[in-house]
Amino acid sequence: MGYLNSWHKFPQWLFRHGLEAIPVSNGALGMGCIGYPGHPVWEVTAACNLNCIHCHAASSTPHHNELSTDEGKRLIDQIAGIDGFRTLIYTGGEPLVRPDIFDLLKHSKETGFANIIATNGTLIDEEMAWKLKEHGVVCNAISLDAADPDIHNFIRRTPKAFDLVLRAMEATKKAGIVLQINTTAMEYNMDHLSGLIDFVDQQDAGIMLMYQLVAVGRGEKIEKATLKKSANHNLSKLISQKQSTAKTIIEPVAGPQYWPFLLEKKGIQNGLLGRIAEHVFHGCAAGRGFVYIKAHGDVWPCPFVEVNTGNVREKSFKEIYEGSPVFKNLRNREITLKGLCGDCRYRKICGGCRGRAFAYSGDYLAEDPRCFIRDSG
(Lines give C-alpha, C1' and ligand atoms only; values in the text may rest on other atoms or scores of the structure.)
Protein backbone atom coordinates (compact mmCIF):
# COMPACT_ATOMS: atom_id res chain seq x y z
CA MET A 1 0.00 0.00 0.00
CA GLY A 2 2.89 2.29 0.72
CA TYR A 3 4.20 1.77 -2.80
CA LEU A 4 0.83 2.25 -4.48
CA ASN A 5 0.21 5.51 -2.60
CA SER A 6 3.80 6.79 -2.79
CA TRP A 7 3.59 6.98 1.01
CA HIS A 8 6.58 9.17 1.75
CA LYS A 9 6.21 9.05 5.52
CA PHE A 10 5.88 5.29 5.83
CA PRO A 11 9.33 5.03 7.50
CA GLN A 12 8.22 7.65 10.04
CA TRP A 13 5.02 5.73 10.73
CA LEU A 14 6.95 2.49 11.09
CA PHE A 15 9.40 4.08 13.53
CA ARG A 16 6.77 6.03 15.49
CA HIS A 17 3.80 3.64 15.49
CA GLY A 18 4.88 0.34 13.95
CA LEU A 19 6.06 -1.37 17.12
CA GLU A 20 3.00 -0.11 19.00
CA ALA A 21 0.63 -1.17 16.23
CA ILE A 22 1.95 -4.73 15.94
CA PRO A 23 -0.15 -5.91 18.92
CA VAL A 24 -3.20 -4.36 17.25
CA SER A 25 -2.98 -6.64 14.22
CA ASN A 26 -1.21 -9.29 16.30
CA GLY A 27 0.60 -11.09 13.51
CA ALA A 28 -2.11 -10.87 10.85
CA LEU A 29 -0.89 -10.37 7.29
CA GLY A 30 -2.60 -8.20 4.71
CA MET A 31 -5.17 -5.41 4.65
CA GLY A 32 -8.78 -5.09 3.66
CA CYS A 33 -12.04 -3.55 4.68
CA ILE A 34 -11.85 -2.71 8.40
CA GLY A 35 -8.12 -3.32 8.57
CA TYR A 36 -6.33 -6.59 9.14
CA PRO A 37 -7.85 -10.09 8.83
CA GLY A 38 -8.54 -12.09 11.99
CA HIS A 39 -10.93 -9.49 13.34
CA PRO A 40 -13.57 -10.65 15.87
CA VAL A 41 -15.77 -7.84 17.21
CA TRP A 42 -18.13 -8.22 20.15
CA GLU A 43 -20.94 -5.74 20.70
CA VAL A 44 -20.90 -6.17 24.46
CA THR A 45 -23.95 -3.97 24.97
CA ALA A 46 -26.51 -2.08 22.95
CA ALA A 47 -26.55 0.60 25.64
CA CYS A 48 -24.95 3.95 24.92
CA ASN A 49 -24.67 7.36 26.54
CA LEU A 50 -25.14 9.03 23.14
CA ASN A 51 -27.79 8.83 20.42
CA CYS A 52 -25.79 9.38 17.22
CA ILE A 53 -27.73 9.87 13.99
CA HIS A 54 -25.93 7.16 12.01
CA CYS A 55 -25.24 4.34 14.47
CA HIS A 56 -25.74 0.82 13.12
CA ALA A 57 -27.03 -0.16 16.58
CA ALA A 58 -30.54 1.28 16.47
CA SER A 59 -31.09 1.37 20.25
CA SER A 60 -29.35 3.26 23.06
CA THR A 61 -30.67 0.96 25.78
CA PRO A 62 -29.34 -2.48 26.75
CA HIS A 63 -30.79 -5.47 24.95
CA HIS A 64 -33.14 -7.26 27.33
CA ASN A 65 -31.15 -10.49 27.03
CA GLU A 66 -27.47 -9.53 26.78
CA LEU A 67 -24.87 -12.17 27.54
CA SER A 68 -24.05 -12.38 31.23
CA THR A 69 -20.53 -12.05 32.61
CA ASP A 70 -20.09 -15.83 32.74
CA GLU A 71 -21.52 -16.26 29.25
CA GLY A 72 -19.21 -13.53 28.00
CA LYS A 73 -16.15 -15.22 29.49
CA ARG A 74 -17.19 -18.49 27.89
CA LEU A 75 -17.53 -16.68 24.55
CA ILE A 76 -14.05 -15.22 24.94
CA ASP A 77 -12.65 -18.70 25.55
CA GLN A 78 -14.41 -20.01 22.43
CA ILE A 79 -13.18 -17.15 20.23
CA ALA A 80 -9.65 -17.90 21.39
CA GLY A 81 -10.05 -21.37 19.93
CA ILE A 82 -10.07 -19.99 16.37
CA ASP A 83 -6.64 -19.86 14.73
CA GLY A 84 -5.78 -16.33 13.72
CA PHE A 85 -7.98 -14.60 16.30
CA ARG A 86 -5.54 -12.97 18.70
CA THR A 87 -7.16 -9.58 19.19
CA LEU A 88 -10.67 -8.95 20.45
CA ILE A 89 -12.53 -5.72 19.74
CA TYR A 90 -15.11 -4.54 22.25
CA THR A 91 -17.80 -2.27 20.84
CA GLY A 92 -21.41 -1.31 21.41
CA GLY A 93 -23.40 0.84 21.89
CA GLU A 94 -20.73 2.20 24.15
CA PRO A 95 -18.73 -0.66 25.69
CA LEU A 96 -17.59 1.42 28.65
CA VAL A 97 -21.14 1.69 30.02
CA ARG A 98 -21.32 -2.07 30.54
CA PRO A 99 -20.90 -2.57 34.33
CA ASP A 100 -18.66 -5.65 34.07
CA ILE A 101 -16.49 -4.43 31.19
CA PHE A 102 -13.29 -4.64 33.23
CA ASP A 103 -14.06 -8.19 34.34
CA LEU A 104 -14.41 -9.11 30.67
CA LEU A 105 -11.25 -7.24 29.63
CA LYS A 106 -9.28 -8.89 32.42
CA HIS A 107 -10.45 -12.35 31.35
CA SER A 108 -9.71 -11.53 27.73
CA LYS A 109 -6.20 -10.37 28.61
CA GLU A 110 -5.55 -13.51 30.69
CA THR A 111 -6.79 -15.62 27.76
CA GLY A 112 -4.08 -14.07 25.60
CA PHE A 113 -5.98 -11.49 23.61
CA ALA A 114 -4.82 -7.98 22.84
CA ASN A 115 -7.90 -5.91 23.65
CA ILE A 116 -9.24 -3.03 21.56
CA ILE A 117 -12.00 -0.65 22.61
CA ALA A 118 -14.21 0.97 19.95
CA THR A 119 -15.68 3.94 21.77
CA ASN A 120 -17.28 7.33 21.33
CA GLY A 121 -14.56 8.60 23.66
CA THR A 122 -16.78 10.63 25.96
CA LEU A 123 -16.00 8.51 29.04
CA ILE A 124 -12.22 8.34 28.73
CA ASP A 125 -10.17 10.59 30.97
CA GLU A 126 -6.60 9.92 32.14
CA GLU A 127 -7.70 7.65 34.98
CA MET A 128 -9.87 5.60 32.62
CA ALA A 129 -7.13 5.38 30.00
CA TRP A 130 -4.60 3.98 32.46
CA LYS A 131 -7.16 1.51 33.79
CA LEU A 132 -7.84 0.33 30.24
CA LYS A 133 -4.12 -0.18 29.65
CA GLU A 134 -3.84 -2.22 32.86
CA HIS A 135 -6.59 -4.47 31.48
CA GLY A 136 -4.80 -5.29 28.25
CA VAL A 137 -6.17 -2.58 25.95
CA VAL A 138 -3.60 -1.88 23.22
CA CYS A 139 -5.74 0.43 21.08
CA ASN A 140 -8.52 2.93 21.69
CA ALA A 141 -10.57 3.35 18.50
CA ILE A 142 -12.26 6.69 19.13
CA SER A 143 -15.01 8.05 16.90
CA LEU A 144 -14.52 11.51 15.39
CA ASP A 145 -16.54 12.69 12.40
CA ALA A 146 -15.22 16.22 11.84
CA ALA A 147 -12.55 18.61 13.10
CA ASP A 148 -15.37 21.18 13.28
CA PRO A 149 -17.02 20.87 16.72
CA ASP A 150 -20.43 21.90 15.41
CA ILE A 151 -20.53 19.12 12.80
CA HIS A 152 -19.24 16.41 15.14
CA ASN A 153 -21.63 17.47 17.88
CA PHE A 154 -24.54 17.52 15.40
CA ILE A 155 -23.80 13.96 14.34
CA ARG A 156 -23.34 12.85 17.95
CA ARG A 157 -26.38 14.82 19.16
CA THR A 158 -24.66 16.42 22.14
CA PRO A 159 -22.87 19.78 22.52
CA LYS A 160 -20.06 18.27 24.59
CA ALA A 161 -18.96 15.38 22.37
CA PHE A 162 -16.10 17.11 20.54
CA ASP A 163 -14.37 18.43 23.67
CA LEU A 164 -14.72 15.06 25.37
CA VAL A 165 -13.18 13.31 22.35
CA LEU A 166 -10.17 15.64 22.50
CA ARG A 167 -9.78 14.73 26.17
CA ALA A 168 -9.96 11.03 25.31
CA MET A 169 -7.36 11.37 22.56
CA GLU A 170 -4.87 13.07 24.87
CA ALA A 171 -5.51 10.57 27.68
CA THR A 172 -5.01 7.67 25.27
CA LYS A 173 -1.63 8.98 24.14
CA LYS A 174 -0.48 9.70 27.70
CA ALA A 175 -1.30 6.13 28.70
CA GLY A 176 0.76 4.75 25.81
CA ILE A 177 -2.23 3.20 24.06
CA VAL A 178 -2.36 3.30 20.26
CA LEU A 179 -4.72 6.06 19.16
CA GLN A 180 -7.07 5.06 16.35
CA ILE A 181 -9.67 7.40 14.94
CA ASN A 182 -12.87 5.97 13.44
CA THR A 183 -14.72 8.28 11.06
CA THR A 184 -17.97 7.71 9.20
CA ALA A 185 -18.04 9.42 5.81
CA MET A 186 -21.47 10.70 4.79
CA GLU A 187 -22.93 13.70 3.04
CA TYR A 188 -23.05 15.59 6.34
CA ASN A 189 -19.26 15.66 6.64
CA MET A 190 -17.91 14.79 3.17
CA ASP A 191 -16.68 18.32 2.50
CA HIS A 192 -14.84 18.34 5.82
CA LEU A 193 -12.98 15.03 5.54
CA SER A 194 -9.83 16.51 4.02
CA GLY A 195 -9.43 18.84 6.98
CA LEU A 196 -10.29 16.06 9.40
CA ILE A 197 -7.56 13.81 8.00
CA ASP A 198 -5.06 16.65 8.44
CA PHE A 199 -6.29 17.19 11.99
CA VAL A 200 -6.02 13.51 12.87
CA ASP A 201 -2.51 13.42 11.43
CA GLN A 202 -1.54 16.42 13.53
CA GLN A 203 -2.85 14.61 16.61
CA ASP A 204 -0.31 11.83 15.97
CA ALA A 205 -2.89 9.08 15.59
CA GLY A 206 -1.43 5.75 14.56
CA ILE A 207 -4.46 4.55 12.59
CA MET A 208 -7.50 6.12 10.96
CA LEU A 209 -10.41 3.98 9.75
CA MET A 210 -12.58 5.78 7.20
CA TYR A 211 -15.99 4.10 7.31
CA GLN A 212 -18.73 4.78 4.81
CA LEU A 213 -22.26 5.17 6.08
CA VAL A 214 -24.29 2.03 5.35
CA ALA A 215 -28.08 2.31 5.59
CA VAL A 216 -28.59 -0.01 8.56
CA GLY A 217 -29.67 0.71 12.13
CA ARG A 218 -30.35 4.44 12.53
CA GLY A 219 -28.56 4.87 9.22
CA GLU A 220 -31.75 3.70 7.48
CA LYS A 221 -33.39 7.01 8.44
CA ILE A 222 -30.62 9.02 6.74
CA GLU A 223 -30.12 6.80 3.70
CA LYS A 224 -29.92 9.91 1.53
CA ALA A 225 -26.70 10.82 3.33
CA THR A 226 -24.91 7.65 2.15
CA LEU A 227 -22.19 8.15 -0.45
CA LYS A 228 -23.17 7.62 -4.07
CA LYS A 229 -20.82 6.14 -6.69
CA SER A 230 -19.08 9.41 -7.46
CA ALA A 231 -18.60 10.21 -3.78
CA ASN A 232 -17.23 6.71 -3.14
CA HIS A 233 -14.75 7.31 -5.96
CA ASN A 234 -13.84 10.74 -4.61
CA LEU A 235 -13.29 9.33 -1.14
CA SER A 236 -10.84 6.75 -2.52
CA LYS A 237 -9.00 9.54 -4.31
CA LEU A 238 -8.90 11.61 -1.14
CA ILE A 239 -7.58 8.79 1.04
CA SER A 240 -4.87 7.94 -1.48
CA GLN A 241 -3.88 11.58 -1.91
CA LYS A 242 -3.69 12.22 1.83
CA GLN A 243 -1.87 8.94 2.51
CA SER A 244 1.07 10.05 0.36
CA THR A 245 2.00 12.75 2.90
CA ALA A 246 0.31 11.67 6.17
CA LYS A 247 2.07 9.98 9.07
CA THR A 248 -1.16 8.23 10.08
CA ILE A 249 -2.13 5.09 8.18
CA ILE A 250 -5.59 5.58 6.64
CA GLU A 251 -7.74 2.55 5.84
CA PRO A 252 -11.20 2.40 4.24
CA VAL A 253 -14.17 0.53 5.69
CA ALA A 254 -17.22 -0.38 3.56
CA GLY A 255 -15.21 0.82 0.58
CA PRO A 256 -13.34 -2.22 -0.76
CA GLN A 257 -13.09 -0.58 -4.18
CA TYR A 258 -10.12 1.31 -2.75
CA TRP A 259 -7.80 -1.62 -3.44
CA PRO A 260 -8.53 -2.04 -7.17
CA PHE A 261 -8.55 1.76 -7.41
CA LEU A 262 -4.94 1.82 -6.20
CA LEU A 263 -3.91 -0.89 -8.64
CA GLU A 264 -5.56 0.81 -11.60
CA LYS A 265 -4.04 4.15 -10.66
CA LYS A 266 -0.61 2.50 -10.97
CA GLY A 267 -1.59 0.57 -14.08
CA ILE A 268 -1.22 -2.80 -12.34
CA GLN A 269 -3.59 -5.57 -13.35
CA ASN A 270 -1.45 -8.66 -13.83
CA GLY A 271 2.14 -9.76 -13.33
CA LEU A 272 4.02 -10.20 -10.08
CA LEU A 273 2.58 -7.13 -8.36
CA GLY A 274 -0.93 -8.19 -9.33
CA ARG A 275 -0.37 -11.62 -7.79
CA ILE A 276 1.08 -10.08 -4.64
CA ALA A 277 -1.94 -7.81 -4.37
CA GLU A 278 -4.25 -10.82 -4.39
CA HIS A 279 -2.47 -12.14 -1.30
CA VAL A 280 -2.24 -8.94 0.74
CA PHE A 281 -5.44 -7.07 -0.20
CA HIS A 282 -8.54 -8.83 1.08
CA GLY A 283 -11.25 -6.30 0.22
CA CYS A 284 -14.56 -6.87 1.98
CA ALA A 285 -13.81 -8.83 5.14
CA ALA A 286 -17.38 -9.78 6.08
CA GLY A 287 -17.27 -13.42 7.12
CA ARG A 288 -13.73 -13.71 5.79
CA GLY A 289 -11.71 -13.04 8.93
CA PHE A 290 -14.22 -10.54 10.25
CA VAL A 291 -17.07 -11.64 12.52
CA TYR A 292 -19.51 -9.66 14.63
CA ILE A 293 -21.18 -10.96 17.79
CA LYS A 294 -24.29 -9.15 18.96
CA ALA A 295 -24.90 -8.32 22.62
CA HIS A 296 -27.40 -11.18 23.03
CA GLY A 297 -25.19 -13.74 21.29
CA ASP A 298 -26.29 -13.73 17.65
CA VAL A 299 -23.37 -14.01 15.23
CA TRP A 300 -23.29 -11.88 12.07
CA PRO A 301 -20.65 -11.69 9.32
CA CYS A 302 -20.43 -7.90 9.79
CA PRO A 303 -22.40 -5.18 11.61
CA PHE A 304 -23.66 -4.11 8.17
CA VAL A 305 -24.64 -7.63 7.07
CA GLU A 306 -27.60 -8.20 9.36
CA VAL A 307 -27.80 -11.94 8.76
CA ASN A 308 -27.97 -14.15 11.84
CA THR A 309 -25.89 -17.32 11.46
CA GLY A 310 -26.54 -18.72 14.92
CA ASN A 311 -26.48 -17.85 18.61
CA VAL A 312 -23.62 -18.72 20.95
CA ARG A 313 -26.10 -19.79 23.60
CA GLU A 314 -27.29 -22.56 21.28
CA LYS A 315 -24.11 -23.50 19.40
CA SER A 316 -20.42 -23.04 20.01
CA PHE A 317 -18.81 -20.02 18.38
CA LYS A 318 -16.49 -22.28 16.41
CA GLU A 319 -19.39 -24.34 15.09
CA ILE A 320 -21.10 -21.17 13.87
CA TYR A 321 -18.03 -19.46 12.44
CA GLU A 322 -16.66 -22.50 10.65
CA GLY A 323 -19.88 -24.29 9.77
CA SER A 324 -22.47 -21.69 8.82
CA PRO A 325 -23.43 -21.73 5.11
CA VAL A 326 -23.39 -17.91 5.17
CA PHE A 327 -19.75 -17.79 6.23
CA LYS A 328 -18.86 -20.48 3.72
CA ASN A 329 -20.52 -18.51 0.93
CA LEU A 330 -18.64 -15.35 1.86
CA ARG A 331 -15.32 -17.19 1.94
CA ASN A 332 -15.93 -18.60 -1.54
CA ARG A 333 -16.89 -15.36 -3.23
CA GLU A 334 -15.15 -16.30 -6.47
CA ILE A 335 -18.08 -18.62 -7.14
CA THR A 336 -20.89 -17.22 -4.98
CA LEU A 337 -21.03 -13.49 -5.77
CA LYS A 338 -23.77 -12.37 -8.13
CA GLY A 339 -24.21 -9.73 -10.80
CA LEU A 340 -21.31 -7.51 -11.78
CA CYS A 341 -19.39 -8.38 -8.60
CA GLY A 342 -19.49 -12.04 -9.63
CA ASP A 343 -18.06 -11.21 -13.05
CA CYS A 344 -15.45 -8.74 -11.82
CA ARG A 345 -11.75 -9.48 -12.17
CA TYR A 346 -11.27 -7.93 -8.71
CA ARG A 347 -13.36 -10.49 -6.84
CA LYS A 348 -10.36 -11.55 -4.74
CA ILE A 349 -9.07 -8.15 -3.69
CA CYS A 350 -12.40 -6.31 -3.49
CA GLY A 351 -15.57 -8.41 -3.65
CA GLY A 352 -17.82 -5.39 -3.23
CA CYS A 353 -19.30 -4.22 0.06
CA ARG A 354 -21.52 -7.06 1.24
CA GLY A 355 -23.23 -4.75 3.73
CA ARG A 356 -24.23 -2.29 1.02
CA ALA A 357 -25.39 -5.13 -1.21
CA PHE A 358 -27.58 -6.47 1.60
CA ALA A 359 -28.95 -3.04 2.57
CA TYR A 360 -30.19 -2.31 -0.95
CA SER A 361 -31.20 -5.75 -2.23
CA GLY A 362 -31.73 -7.98 0.80
CA ASP A 363 -29.14 -10.36 -0.67
CA TYR A 364 -25.68 -10.33 0.90
CA LEU A 365 -24.23 -11.92 -2.28
CA ALA A 366 -25.67 -9.35 -4.69
CA GLU A 367 -23.56 -6.79 -6.54
CA ASP A 368 -22.46 -3.65 -4.72
CA PRO A 369 -24.70 -0.84 -6.07
CA ARG A 370 -22.18 1.89 -5.24
CA CYS A 371 -19.15 0.42 -7.03
CA PHE A 372 -17.36 2.88 -9.32
CA ILE A 373 -14.67 0.51 -10.62
CA ARG A 374 -16.87 -1.08 -13.26
CA ASP A 375 -17.71 2.38 -14.63
CA SER A 376 -14.00 3.11 -15.20
CA GLY A 377 -13.18 -0.10 -16.97
Side-chain angles (χ1 to χ4, degrees), residues 32-35 41 43 48 50-60 91-94 118-121 141-148 150-158 161-162 165 180-197 200 208-239 250-258 261 283-286 290 292 300-306 350 352-362 364 366-372:
C33 174
I34 211 159
V41 178
E43 180 189 293
C48 189
L50 298 183
N51 191 32
C52 306
I53 63 174
H54 62 301
C55 185
H56 63 82
S59 173
S60 290
T91 189
E94 171 52 53
T119 172
N120 61 41
I142 299 172
S143 296
L144 179 63
D145 294 311
D148 182 325
D150 290 338
I151 296 172
H152 180 76
N153 292 342
F154 165 75
I155 292 171
R156 300 288 158 176
R157 288 178 169 173
T158 175
F162 186 81
V165 163
Q180 174 178 313
I181 298 299
N182 287 354
T183 296
T184 299
M186 57 189 115
E187 291 298 335
Y188 295 124
N189 63 354
M190 188 68 185
D191 292 339
H192 299 266
L193 294 180
S194 178
L196 176 59
I197 293 172
V200 169
M208 183 180 193
L209 291 190
M210 184 67 73
Y211 287 73
Q212 288 190 39
L213 176 66
V214 178
V216 297
R218 289 194 206 108
E220 286 188 273
K221 297 180 180 179
I222 55 170
E223 188 276 332
K224 291 182 180 179
T226 60
L227 302 189
K228 308 307 184 281
K229 284 185 187 181
S230 59
N232 184 8
H233 194 183
N234 289 336
L235 182 60
S236 290
K237 292 178 182 177
L238 177 65
I239 294 173
I250 312 163
E251 305 174 42
V253 179
Q257 291 81 21
Y258 182 66
F261 165 78
C284 177
F290 187 91
Y292 193 82
W300 295 0
C302 169
F304 307 132
V305 181
E306 299 177 320
C350 174
C353 176
R354 298 298 94 217
R356 233 175 0 233
F358 184 76
Y360 288 100
S361 72
Y364 66 92
E367 64 183 59
D368 182 347
R370 299 294 167 83
C371 174
F372 60 86

Treating [X] as the side-chain partner and [Y] as the backbone partner, does any N or O pair qualify as donor plus acceptor under 3.5 Å?
X: Glu187; Y: Lys224; answer: no
X: Arg354; Y: Tyr364; answer: yes
X: Asn189; Y: Thr184; answer: yes

Minimal non-hydrogen separation, [X] against [Y], with atom names:
X: Ala215; Y: Tyr360; answer: CB-OH, 4.5 Å
X: Ala254; Y: Val214; answer: CB-CG2, 3.9 Å
X: Gln257; Y: Cys353; answer: NE2-N, 4.3 Å
X: Leu196; Y: Ala147; answer: CD1-N, 3.6 Å
X: Leu209; Y: Ile34; answer: CD1-CG1, 4.3 Å
X: Leu193; Y: Ala185; answer: CD1-CB, 3.6 Å

Counting C-beta onward and ignoring hydrogens, is there a side-chain heavy-atom pair between [X] and [Y] closer than 4.5 Å?
X: Ser143; Y: Thr119; answer: no
X: Tyr211; Y: Thr183; answer: no
X: Asp148; Y: Phe162; answer: no
X: Thr158; Y: His152; answer: no
X: Met210; Y: Leu235; answer: yes
X: Leu227; Y: Leu213; answer: no
X: His54; Y: Arg156; answer: yes
X: Pro303; Y: Phe290; answer: yes

_Working for side chain to side chain contact (heavy atoms under 4.5 Å, CB included), residues Val305 and Trp300_ = CA-CA 7 Å; Val305 181; Trp300 295 0; 5.9 Å; no
*Glu223 bridged to Arg370 by N-O distance under 4.0 Å*: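 The answer is yes: the pair qualifies as a salt bridge.
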*Can you label the angle between the Phe372 ring and the His233 ring as parallel, tilted or perpendicular, going by 30° and 60°?*
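Rings of Phe372 and His233: parallel, as their planes differ by under 30°.
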*asked:* If I take atom CE from residue Met208 and atom CG from residue Asn182, how far apart are they, to the nearest 0.5 angstrom?
replied: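 The CG atom of Asn182 is 9.0 Å from CE of Met208, to the nearest 0.5 Å.
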_I'd like to know whether Tyr292 forms a side chain to side chain contact (heavy atoms under 4.5 Å, CB included) with Cys302, so could you lay out the CA-CA distance, the side-chain angles of the two residues, the decisive distance to 0.1 Å, and finally the verdict._
CA-CA 5 Å; Tyr292 193 82; Cys302 169; 5.6 Å; no
*asked:* Let's go through Ile151 and Ile155 carefully: what are the C-alpha distance in whole Å and the side-chain angles of both, what is the deciding distance for side chain to side chain contact (heavy atoms under 4.5 Å, CB included) to 0.1 Å, and is it a yes or a no?
replied: CA-CA 6 Å; Ile151 296 172; Ile155 292 171; 4.1 Å; yes
*Check whether the side chains of Thr226 and Gln212 place a donor and an acceptor atom closer than 3.5 Å, and report yes or no.*
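No, because no side-chain N or O of Thr226 sits under 3.5 Å from a partner of the opposite role on Gln212.
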*asked:* Aromatic contact between Phe304 and Phe358, with the criterion being ring centroids under 6.0 Å apart: yes or no?
replied: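 No; Phe358 has its ring centre 6.0 Å or more from that of Phe304.
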_side chain to side chain contact (heavy atoms under 4.5 Å, CB included) for Tyr188 and Ile53? Distances and angles first, verdict last._
CA-CA 11 Å; Tyr188 295 124; Ile53 63 174; 3.6 Å; yes
